[in-house]
Amino acid sequence: MKPAPIKPEIQFDDFAKLDIRVGEIVEVLEVEKSDKLMKLMVDFGDHTRSILAGIKQERENPKEIEGKQALFVVNLPERKMAGELSQGMLFDIGYEDKLQPCLACPEIKIPNGARAG
């Protein structure tokens, strides 16, 4: 893989607008109207959210990520896709470079809802 060029410089204030948090993937469910999306039920400590992720074709068994912690962007506007509501975005690694995507995970167990940055 040849790394992509670095994107244009941004101000720290722009980065600080992102709210990236650790959440535990409690359940992975089918999205009937989609051949790509799976519905992740994610525990953020004080609440649970439904987050849609295009992982159905990326993994032999998408349910293998149940019980794992990962990073999520939680301050994006809610979005309806394939008849389901997504309340955030899975922050994964590799997809943009056409690599086998993997979760961005904390190296140790950390409280759900902890912020990245």
Side-chain angles (χ1 to χ4, degrees):
M1 179 198 109
K2 181 179 178 194
I6 294 175
K7 293 179 181 179
E9 189 175 277
I10 63 170
Q11 298 300 310
F12 184 80
D13 288 346
D14 293 326
F15 170 75
K17 291 176 186 176
L18 289 175
D19 193 342
I20 302 170
R21 296 190 184 226
V22 172
E24 182 177 338
I25 302 165
V26 177
E27 190 173 17
V28 178
L29 304 163
E30 289 282 335
V31 175
E32 291 183 21
K33 297 178 183 175
S34 176
D35 58 355
K36 294 180 182 178
L37 297 173
M38 296 295 287
K39 181 177 180 178
L40 311 180
M41 297 307 298
V42 184
D43 176 7
F44 288 100
D46 60 348
H47 69 286
T48 300
R49 288 186 179 208
S50 166
I51 296 181
L52 301 180
I55 64 170
K56 192 181 280 188
Q57 296 176 350
E58 296 172 357
R59 297 174 174 274
E60 189 174 318
N61 177 12
K63 289 189 168 277
E64 71 190 0
I65 63 173
E66 285 181 354
K68 295 191 179 206
Q69 287 187 310
L71 296 178
F72 297 86
V73 180
V74 296
N75 65 333
L76 294 171
E78 291 183 349
R79 185 172 169 200
K80 200 161 199 171
M81 297 183 280
E84 298 278 350
L85 187 64
S86 186
Q87 301 171 300
M89 184 183 84
L90 173 65
F91 196 88
D92 65 359
I93 303 165
Y95 177 80
E96 289 296 320
D97 292 313
K98 301 191 180 6
L99 300 172
Q100 175 69 38
C102 65
L103 300 178
C105 301
E107 66 179 276
I108 60 170
K109 181 81 172 166
I110 194 159
N112 293 333
R115 296 179 290 168

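It should be emphasised that the depicted structure is a prediction, and the values quoted were computed from it without experimental measurement.
- Side chain of Asn75 to backbone of Lys17: a donor-acceptor contact under 3.5 angstrom is found.
- Note that CG of Leu18 and CZ of Phe91 are 7.5 Å apart. Values are rounded to the nearest 0.5 Å.
- Applying the 6.0 Å contact sphere to NZ of Lys68 captures no more than 12 heavy atoms from other residues, nucleotides or ligands.
- Using bins of under 30°, 30° to 60° and over 60° for the plane-to-plane angle, the ring pair His47/Phe44 lands in the parallel bin.
- To the nearest 0.5 Å, atom CD1 of residue Ile25 and atom CG of residue Asn112 are 10.5 Å apart.
- The side-chain heavy atoms of Phe72 and Arg49, taken from C-beta on, include no pair separated by under 4.5 Å.
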Legend entry - Worked verdict on Gln87 versus Ser50 for side chain to side chain contact (heavy atoms under 4.5 Å, CB included): CA-CA 6 Å; Gln87 301 171 300; Ser50 166; 3.9 Å; yes
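- Atoms CD and CD, from Glu66 and Glu64 in turn, are 10.5 Å apart once rounded to the nearest 0.5 Å.
- Between Lys109 and Glu24 the shortest side-chain heavy-atom distance falls below 4.5 Å.
- With contacts defined as side-chain heavy-atom distances shorter than 4.5 Å, the pair Leu52/Val31 qualifies.
- Each of Glu84, Glu30, Glu27 was compared with Lys39 under the side chain to side chain donor-acceptor pair (under 3.5 Å) criterion, and only Glu84 meets it.
- At a threshold of 4.5 Å between non-hydrogen side-chain atoms, the residues Val22 and Leu71 count as touching.
- When hydrophobic clusters are built by joining Ile, Leu, Val, Met, Phe, Trp and Tyr residues whose side-chain heavy atoms come closer than 4.5 Å, directly or via intermediates, Val28 is not grouped with Leu37.
- Contact check for Glu78 versus Ser86: no side-chain heavy atoms found under the 4.5 Å cut-off.
- Between the Asp92 side chain and the Pro101 main chain, no donor and acceptor come within less than 3.5 Å of each other.
- When all heavy atoms of Gln69 and Pro106 are compared, the closest pair comes out as OE1-CG, 3.6 Å.
- The cluster map of Ile, Leu, Val, Met, Phe, Trp and Tyr, joined by side-chain heavy atoms under 4.5 Å apart, puts Ile20 and Met89 in the same cluster.
- Taking OG of Ser34 as the reference point, atom CE of Met81 lies at 8.5 Å (rounded to 0.5 Å).
- For Gln57 (side chain) and Lys36 (main-chain N/O), no donor-acceptor pair under 3.5 Å exists by modelled atom type.
- Side-chain atoms of Leu99 and Ile93, non-hydrogen and from C-beta on, never get closer than 4.5 Å to each other.
- In terms of modelled atom types and a separation under 3.5 Å, the side chain of Gln100 and the main chain of Gly94 share no donor-acceptor contact.
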Inset, instruction - Could you please spell out the steps behind the side chain to side chain contact (heavy atoms under 4.5 Å, CB included) verdict for Ile65 and Leu103? - result: CA-CA 9 Å; Ile65 63 173; Leu103 300 178; 3.9 Å; yes
